[in-house]
Trainee: 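The following block contains the structure, expressed as structure tokens.
These figures come from a predicted structure and were not determined experimentally.
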Amino acid sequence: MKLSAKIMEQGILTTKFRGALQGALIGDCCGAPYEGEPMEVGTKVVLKKFLQKLSGPYFSSPVKPYTDDTAMTIALTEELIENRGVDQTKLAKRFVQRYFLAPNRGYGGGVMELFSKMRSSKFENVLQLARNQFSGRGSFGNGAAMRVAPVALFYAGSESDMVEAVRKQAEVTHSHKLGINGAILQALAIHQSLHLNPMKPVDTQHFVEELIRKMKPIEKDEDDIDDGNAEPYHNQLKEIISLLAKSEPSDDVVLNGLGHSVAAPYSVPTAIYCFLRSLSEIETIAVENPFMRCLEYSISLGGDTDTIASMACTISGAYYGESIIPPSLLRHCEAAEQITALADSLNKAVQE
């Protein structure tokens, strides 16, 4: 698989693969305790102390458990490594097996019902089962986007192949175009970060304009979207540019513009914004490390904190690489060694 010569010459592909998957895990584990919590001033102080303690000198404590976000990311990573692509039936079996081994990881009611139907049907017509969800509309939640990091990494050398693979993995659980396109947008953001030089500053406006350019043809046919917004991701990306042009927009302004819910249009763009805003200092987040700033800021916005933080920190990790991530913070997360090993195996599979 042909990769960017710039990335290969820098010899940083390994650290970027690790950074992306480690970022996904950390955002998930650290964001989960705050999901749905009102992020008032006192809660944000507790969050800051929580992250400072975890990223400081290591201390022995129970690991922070991961949620369905990481469970499905692991399953998808294993599918890519073992089958060199996405077989939708095999992937469905991996998701279902992992779910029934540990069902108490915060899976949504819709996907729990779907996995039960898949198992009882012996995995016949898995895509039709997904299409039948939510009265035949399919899911437009962020579940397909939250797990998509390994696809962006595996297809690091081919954006078009990546988009097709993202669609295939998304359709196993999310048939609505908003759910599929949200996963594509997240993968494109990771892909762009993967190919950026971490020693050079990011042109944030250009970063978003590139996403707008790439999403335009993907969103051109949205006949099944019934909310009157034919190009939701295009519009949300334009809102990101507007927010980045403001000086220290308040959380309310950000949330009114982008949202923080489980719906993909109101969480994937938010995660991208969190990454881009955290590249520079944030007055309310007095943290020097930009990865840690991204982590704290994305959780501080509240809502679907584990997924938004996971997606934002994946993009950050793909840009900076693992050197930006405090080792002690990673050690406090469940399956840290497994995630790192999977990143290395995925990297090896890409280069074979």
Side-chain angles (χ1 to χ4, degrees), residues 130-131 133-149 151-152 155 158-193 202-246 249 252-277 298 301 303-304 307-308 311-312 314-315:
R131 286 192 287 268
Q133 290 289 99
F134 300 99
S135 303
R137 296 177 67 234
S139 173
F140 55 86
N142 54 27
M146 73 188 186
R147 65 184 186 236
V148 82
V151 180
Y155 293 96
S158 176
E159 191 173 281
S160 59
D161 289 345
M162 178 194 74
V163 170
E164 180 58 29
V166 171
R167 289 185 194 276
K168 289 181 69 176
Q169 71 84 25
E171 287 172 347
V172 174
T173 53
H174 292 67
S175 64
H176 198 294
K177 286 184 179 179
L178 287 178
I180 295 170
N181 290 351
I184 292 173
L185 176 57
Q186 172 67 6
L188 287 170
I190 298 168
H191 195 267
Q192 286 186 183
S193 291
V202 178
D203 182 333
T204 57
Q205 180 164 333
H206 178 71
F207 188 97
V208 182
E209 287 174 346
E210 280 294 287
L211 292 176
I212 290 174
R213 179 182 66 80
K214 294 169 184 176
M215 288 299 293
K216 187 70 174 178
I218 292 169
E219 287 198 288
K220 66 181 179 182
D221 180 17
E222 300 292 0
D223 294 336
D224 66 347
I225 295 177
D226 55 13
D227 63 359
N229 186 355
E231 294 183 328
Y233 292 107
H234 175 88
N235 295 331
Q236 290 290 78
L237 289 167
K238 288 174 63 178
E239 179 66 19
I240 290 176
I241 291 177
S242 175
L243 287 169
L244 290 171
K246 300 180 186 293
D252 286 342
V253 169
V254 172
L255 296 177
N256 286 337
L258 297 176
H260 62 176
S261 74
V262 298
Y266 307 111
S267 52
V268 176
T270 308
I272 294 169
Y273 173 73
C274 288
F275 161 66
L276 294 172
R277 187 175 179 191
S298 56
L301 292 177
D304 194 11
T307 299
I308 292 174
M311 292 190 294
T314 298
I315 305 169

Trainee: Quick one: does H176's side chain get under 4.5 Å of S139's, heavy atoms only?
Mentor: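 Contact flag for H176/S139 side chains = no.
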Trainee: Check whether any side-chain heavy atom of L188 sits under 4.5 Å from a side-chain heavy atom of M162, and report yes or no.
Mentor: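 They are in side-chain contact.
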Trainee: Between V262 and D304, which heavy-atom pair has the shortest distance, and what is it?
Mentor: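 In terms of heavy atoms, the two residues are closest at CG1-OD2, 3.5 Å.
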Trainee: Yes or no on side chain to side chain donor-acceptor pair (under 3.5 Å) for T173 and R147, after CA distance, side-chain angles and deciding distance?
Mentor: CA-CA 12 Å; T173 53; R147 65 184 186 236; 2.9 Å; yes
Trainee: State, yes or no, whether a side-chain contact exists between E209 and L211 at a heavy-atom distance under 4.5 Å.
Mentor: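 A side-chain contact under 4.5 Å is absent here.
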Trainee: With side chains defined as the heavy atoms from C-beta onward, is the minimum distance between Y266 and Q236 less than 4.5 Å?
Mentor: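 Yes; the side chains approach each other to less than 4.5 Å.
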Trainee: More than 12 heavy atoms of other residues, nucleotides or ligands under 6.0 Å from CZ of F207: is that the case?
Mentor: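 Yes, the 6.0 Å shell around CZ holds more than 12 heavy atoms from other groups.
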Trainee: So do the side chains of I190 and M311 get within less than 4.5 Å of each other, counting heavy atoms only?
Mentor: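 SC-SC contact between I190 and M311 ruled out.
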Trainee: Any idea which heavy atoms bring A312 and A271 closest together, and the distance?
Mentor: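 Answer, listing the atom of A312 first, then A271: CB-O, 3.4 Å.
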Trainee: Can R277 and S298 be counted as having a side-chain donor-acceptor contact under 3.5 angstrom?
Mentor: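 Their side chains do not contain a donor-acceptor pair, so the 3.5 Å distance test is not met.
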Trainee: Is there a side-chain contact between T314 and V148 (heavy atoms, below 4.5 Å)?
Mentor: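 A side-chain contact is absent here, since even the closest heavy-atom pair is not under 4.5 Å.
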Trainee: Side chains of Y233 and L178: does their closest heavy-atom pair fall under 4.5 Å?
Mentor: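 Yes, close enough: below the 4.5 Å cut-off.
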Trainee: Tell me if a side-chain donor or acceptor on E219 pairs with a main-chain N or O of H234 at a distance below 3.5 Å.
Mentor: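 Checked: pair present.
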Trainee: Under a 3.5 Å threshold, yes or no: a donor from one side chain and an acceptor from the other, between N142 and S267?
Mentor: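 Result is yes, a qualifying pair exists.
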Trainee: Hey, are K214 and E159 close enough for a salt bridge, meaning a charged N less than 4.0 Å from a carboxylate O?
Mentor: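 So K214 pairs with E159 through a salt bridge.
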Trainee: Given the rule in the salt bridge (Lys or Arg N to Asp or Glu O under 4.0 Å) test, do R131 and E171 qualify, once you have shown the distances and angles that lead to the verdict?
Mentor: CA-CA 8 Å; R131 286 192 287 268; E171 287 172 347; over 6 Å; no
